[in-house]
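Some notes on the structure that comes next.
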Amino acid sequence: MPVQVETHARLDDAVRACAQSANARFFGGGTLLMRAVNEGDQSFDRIIRCSDPVLREIRMDGNAISIGAGVTMLEVMENRDTAFLAPVARIVGGPAVRSAATIGGNLYADLPYGEMTTALLALGATIRFAGDAQGVSIDDFLRDRASRRNRVVQSISIPRVGDAANFRFVKVTRVKPKGAALMSIAAYLNRSSGSGGIRVAYGNMGPMPVRALAVERALEGASLDERGIARALEVATEGLEPPTDAFASSWYRREVAPVHLKRLLLGSGRA
Ligand SMILES: Cc1cc2nc3c(=O)[nH]c(=O)nc-3n(C[C@H](O)[C@H](O)[C@H](O)COP(=O)(O)OP(=O)(O)OC[C@H]3O[C@@H](n4cnc5c(N)ncnc54)[C@H](O)[C@@H]3O)c2cc1C
């Protein structure tokens, strides 16, 4: 079945085109979508592209940063306001992938991908679909992701991270420097906002990025030293069902998660 590609200058028109057909896919940077075309994926037959500059905006919005869904990993790395996310963007594929891969497309990436989404989950991002005044929390977005395939994400809103040390991220790979992740961990340690200010998320420890709720609870009010994080390490994988795949077994992921979590929380290179 040939795939039709259409390009719209205005986001409204692209959104309408996507909504018309369950077999349409919105085109971000195409790093996954075009691979699917080349592999003969039959689940879609229309690709909707959009050149509206609104999708490429990064702007401050009060205490938040709004990032257009069409912003690429390279643009995240180069923009001063999103500099704290550069360590995440920098490990998405190689240079060619990063110059095309968008933050919106990353929200839909299946395992073993989706490191930016893991980071956005830790940051408590809000996802705004085009045409909606209100956004949805990334937790709700991920829960219903499959059922929203014909909607278009316009922007992603994240808090301004004043102190870059409050945001931590690690991608664990077997193949350096750019192998697929066997796990990633992101933590937003915003202790000034009181209860609920600490969010920890894992990638590749479930079918999609997941929060480490037991770890978050254990870190509430705890100091970030060996003693303070001991309980968090004990419950590092509580409530999680890590997958077994070509990169690692579920058992291995459970074994090494506390090691990498410890390094992340202590801000050290060693466990
Ligand atoms: C060689 C290679 C290495 C890679 N390495 C990594 C890696 O290390 N880490 C990682 O996370 N990913 C990796 N990826 C996967 C991919 O490049 C990224 O996840 C990227 O962010 C996907 O974005 P995209 O814009 O290319 O998505 P696309 O391919 O354009 O789209 C992917 C899916 O998202 C949907 N979509 C895109 N934008 C929107 C939108 N605004 N609204 C609604 N739906 C949308 C599309 O319809 C499609 O279903 C790699 C890919 C390749 C080919």
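Counting starts at 1 for both ligands and their atoms, in listed order.
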- Sidechain N-carboxylate O distance under 4.0 Å for D110, R145: yes
- Item | Short N-O contact, E220 and R217, less than 4.0 angstrom | no
- Quick one: name the residues clustered hydrophobically with L32, using the 4.5 Å side-chain heavy-atom rule over I, L, V, M, F, W, Y, and just say none if it's on its own. Y113
- For the residue pair F129 and F141, categorise the inter-ring angle as parallel (less than 30°), tilted (30 to 60°) or perpendicular (more than 60°).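 Answer is tilted, since the angle falls between 30° and 60°.
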- Item | Sub-4.5 Å side-chain heavy-atom contact between V37 and I47 |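 The answer is yes; the side chains approach within 4.5 Å.
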- Indicate yes or no: at least one non-hydrogen side-chain atom of L120 is less than 4.5 angstrom from one of I103. yes
Tabulate distances under 3.5 Å between N/O atoms of ligand 1 and N/O atoms of the protein, writing both atom names on each line.
residue  : atom   : partner : partner atom : Å
ligand 1 : 5 (N)  : G93     : N            : 3.3
ligand 1 : 8 (O)  : I91     : O            : 3.3
ligand 1 : 8 (O)  : G93     : N            : 3.1
ligand 1 : 8 (O)  : E115    : OE1          : 3.4
ligand 1 : 8 (O)  : K171    : NZ           : 2.9
ligand 1 : 9 (N)  : E115    : OE1          : 2.4
ligand 1 : 11 (O) : N106    : ND2          : 3.0
ligand 1 : 11 (O) : G114    : N            : 2.7
ligand 1 : 11 (O) : E115    : N            : 3.2
ligand 1 : 11 (O) : E115    : OE1          : 3.2
ligand 1 : 17 (O) : T31     : OG1          : 2.7
ligand 1 : 19 (O) : N106    : ND2          : 3.0
ligand 1 : 21 (O) : T102    : O            : 2.9
ligand 1 : 21 (O) : N106    : N            : 3.4
ligand 1 : 21 (O) : N106    : ND2          : 3.2
ligand 1 : 23 (O) : T102    : N            : 3.4
ligand 1 : 23 (O) : T102    : O            : 3.4
ligand 1 : 25 (O) : G29     : N            : 2.6
ligand 1 : 25 (O) : T102    : N            : 3.0
ligand 1 : 25 (O) : T102    : OG1          : 2.6
ligand 1 : 26 (O) : G30     : N            : 3.3
ligand 1 : 26 (O) : T31     : N            : 2.9
ligand 1 : 26 (O) : T31     : OG1          : 2.5
ligand 1 : 29 (O) : T31     : N            : 3.3
ligand 1 : 29 (O) : L32     : N            : 2.8
ligand 1 : 29 (O) : L33     : N            : 2.7
ligand 1 : 30 (O) : G28     : N            : 2.8
ligand 1 : 30 (O) : G29     : N            : 3.1
ligand 1 : 30 (O) : G30     : N            : 2.8
ligand 1 : 41 (N) : V153    : O            : 3.0
ligand 1 : 42 (N) : V153    : N            : 2.8
ligand 1 : 47 (O) : F26     : N            : 3.4
ligand 1 : 47 (O) : F26     : O            : 2.6
ligand 1 : 49 (O) : R149    : NH1          : 2.6

